Amino acid sequence: MALAPIDEPKLNGDSKKRVAYFYDSDVGNYAYVSGHPMKPHRIRLAHSLVMNYGLYKKMEIYRAKPASKYEMTQFHTDEYIEFLAKVTPDNMEAFQKEQQKYNVGDDCPVFDGLFEFCGISAGGSMEGAARLNRQKADIAINWAGGLHHAKKKLLRFHQRVLYIDIDVHHGDGVEEAFYTTDRVMTASFHKYGEYFPGTGELRDTGVGSGKYYAVNFPLRDGIDDYSYKHIFEPVIKAIMDFYRPSAVVLQCGGDSLSGDRLGCFNLSMKGHANCVNFVKSYNLPTLILGGGGYTMRNVARTWAYETGCLVGDDMSANLPYNDYYEYYAPDYELDVRPSNMDNANSKEYLDKILKTVLENLKRTQHAPSVQMTDVPPSLAMNDEDEAALDDLDEDENPDKRVTQRRFDKRVEKNGELSDSEDEDMAEANGVRRQNGSRKRRQFIDHRNLRDTVDSAANSGIGTPQPASEADEMHVDTAAGTPAKPAERLDDADVTMGDVEDAADSLQAEAGGEGVKPIAAPASVEEAIQIKKEMAAEDTAAAAQEEGLQEREEANAEGEARTEAAKTE
């Protein structure tokens with residue numbers, strides 16, 4: 001069987017897809033224990049790319065409330081939730097028995113804010129599932145998710161739910177939760193053999209009424225894009241044909257990418273996203289979650305690209321300037337390339353596993369019927385709650401056309417132009433001015449200036465502006481005056497071995513930072529000063545463009561030398 005090439009995503013044909021995007025800026029404030037490869041900060045990096053690529057214009061943005069103890073106990077036992085709520089690094093010695101029981105330790109450590117972090121992760125997934133249930137969205141995205149709270153919530157309205165896991169590790173938690181039922185089919189494509197968590201053998205297919213509703217595809221090191229496509233698409237197609245789910249959860253763990261610090265697969269960014277595009281093509285209510293992924297810049301690139309695929313946006317290969325631009329040195333491109341590592345998955349091995357999986361699926365009951373019971377009231381946001389928040393927003397901001405809530409909920413149509421108020425709100429949400437774009441200047445409304453500043457600073461409904469490197473240095477780059485230190489992750493373990501030196505980083509930042517709106521000039525001196533500022537902006541932008549061109553030329557020369565060395 002010839003291997004088909006990776007499909008290019010279908011773009012600009014998804015304007016009718018309603019996408020809900022969940023993000024809580026607080027998630028980046030948490031850090032695992034020192035030396036642990038999991039960095040929640042990666043979600044901030046991905047969100048900054050989402051904002052600066054303009055993807056926010058094509059979806060609604062939500063900050064879900066963290067899941068409560070009660071909501072978590074709908075899936076987990078009371079004892080487990082109580083343990084998570086009580087245990088801290090200071091008292092963990094007193095919970096040795098519980099740590100062993102719940103597999104908490106080196107891989108899943110206790111850290112400050114553990115319960116709050118789990119609440120943020122679960123809350124976005126649960127709220128996303130609720131919006132799918134209420135048919136308020138076709139696709140819900142929560143890159144901070146990847147836990148298994150939301151899957152049970154979807155069962156409140158859907159007879160059959162398909163859970164797909166493309167993380168390099170086996171999706172053991174979700175499989176175990178639904179191992180005895182046919183209400184959920186789990187499909188996990190993972191590394192197996194002397195690898196955490198050690199589960200997910202081909203013969204693990206479920207028990208009782210769940211027999212053959214657990215699908216495991218064990219893989220070896222180095223699987224590439226074409227081999228992965230060759231086994232992923234036939235399995236998912238067979239599941240869709242036989243099981244006919246009415247909703248899908250796709251866990252997009254980024255540790256299956258090439259070059260991951262813990263992973264051992266060799267998928268490119270587009271090979272990983274091919275799974276997202278293929279699942280999306282079935283037009284079912286879909287919940288997209290994050291998961292693993294331990295090389296932050298690659299995870300951020302991939303999740304941003306997959307967000308673009310989901311909203312149908314054609315994203316530039318050159319990364320837009322953003323608060324974390326220096327993380328993506330030296331190429332500053334939207335791409336994760338495969339390496340030259342060996343693929344230990346031979347075609348014979350993959351065909352053998354694929355044949356067994358497809359035969360098992362044929363043994364399942366065709367689209368099993370499920371007796372649905374009365375659905376209890378949901379604790380998540382409903383239509384009345386949404387309307388009440390809209391009314392409150394209007395009452396509190398009678399003189400404002402663009403508020404944080406309206407900015408988050410607005411979905412821009414193709415070709416629609418934004419005005420200066422939209423640009424101001426975008427800048428307050430972390431969108432940086434790009435090369436070649438000039439921010440509109442406008443008259444300041446001095447009467448409402450204080451309200452505008454207070455609204456941008458105090459709004460908690462949407463996405464707060466991420467802190468930049470200049471914020472960390474307590475410098476206001478636009479005015480050159482001392483600024484209040486920003487509250488952001490103090491993560492001494494973040495590795496930036498490929499970051500350019502500090503001088504280059506500051507120069508790039510100075511060239512990309514937008515200027516604040518100013519009033520019309522009241523004098524000739526003021527007009528001259530404004531003209532000087534504009535000229536300085538253009539000079540900085542040109543310098544940054546020249547630096548980018550030099551890097552591209554240097555990369556091309558390096559590739560040419562490499563090719564020449566190979567031929568010799």
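Computed over heavy atoms, backbone and side chain alike; hydrogens, waters and symmetry mates excluded. Throughout, residue positions are numbered sequentially from 1 according to the sequence presented. Everything numeric here is computed off the predicted structure, so don't read it as measured data.
- Checking Asn142 against Glu127 by side-chain atom types alone, no donor-acceptor pair falls below 3.5 Å.
- The ring of Tyr56 has its center no closer than 6.0 angstrom to the ring center of Tyr21.
- Residues Arg301 and Leu334 share a closest heavy-atom pair of O-CD1, 3.5 Å.
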Using the rule given for side-chain hydrogen bond (donor to acceptor under 3.5 Å, both in side chains), can you reason through Asn277 versus Glu306, listing the C-alpha separation, both sets of side-chain angles and the distance that settles it, and then say yes or no?
CA-CA 8 Å; Asn277 287 318; Glu306 289 171 348; over 6 Å; no
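- Here the side chain of Thr73 pairs no donor or acceptor atom with the backbone of Glu71 at under 3.5 angstrom.
- Side chains of His169 and Asp255: a donor-acceptor N/O pair is present below 3.5 angstrom, by distance only.
- The structure places CG of Asp138 at 10.5 Å from CG of Leu284, a figure rounded to the nearest 0.5 Å.
- Under a cutoff of 6.0 Å and an axis angle of 45°, Lys191 and Tyr195 form a cation-pi pair.
- Side-chain atoms of Ser256 come within 3.5 Å of backbone N or O of Ile166 as a donor-acceptor pair.
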Verdict with supporting geometry, Arg244 and Phe242, side-chain contact (heavy atoms from CB on, under 4.5 Å)
CA-CA 6 Å; Arg244 295 186 183 177; Phe242 285 97; over 6 Å; no
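- Ion pairing between a basic and an acidic side chain is recognised when a charged N comes within 4.0 Å of a carboxylate O; Asp260 and Arg42 show no such pairing.
- Side chain to side chain, Tyr325 and Asp323 fail the donor-acceptor criterion of an N or O pair below 3.5 Å.
- Side-chain contact annotation: Tyr328 with Glu326, donor-acceptor N/O pair under 3.5 Å absent.
- Centroid-to-centroid, the aromatic rings of Tyr213 and Tyr179 stay 6.0 Å apart or farther.
- Residues Thr199 and His170 bring a donor and an acceptor atom of their side chains to less than 3.5 Å of each other.
- Ionic pairing of Lys58 and Asp313 is present here: one or more N-O contacts between side-chain nitrogen and carboxylate oxygen are shorter than 4.0 angstrom.
- Although no hydrogens or angles enter the test, the distance criterion places a donor-acceptor pair under 3.5 Å between the side chain of Gln251 and the main chain of Gly253.
- Between the OG atom in Ser25 and the CZ atom in Arg44 there is a gap of 6.5 Å [rounded to 0.5 Å].
- Checked against the 6.0 Å centroid threshold, Tyr324 and His41 count as a close aromatic pair.
- With 3.5 Å as the limit, one finds a donor-acceptor pair spanning the side chains of Asn274 and Glu233.
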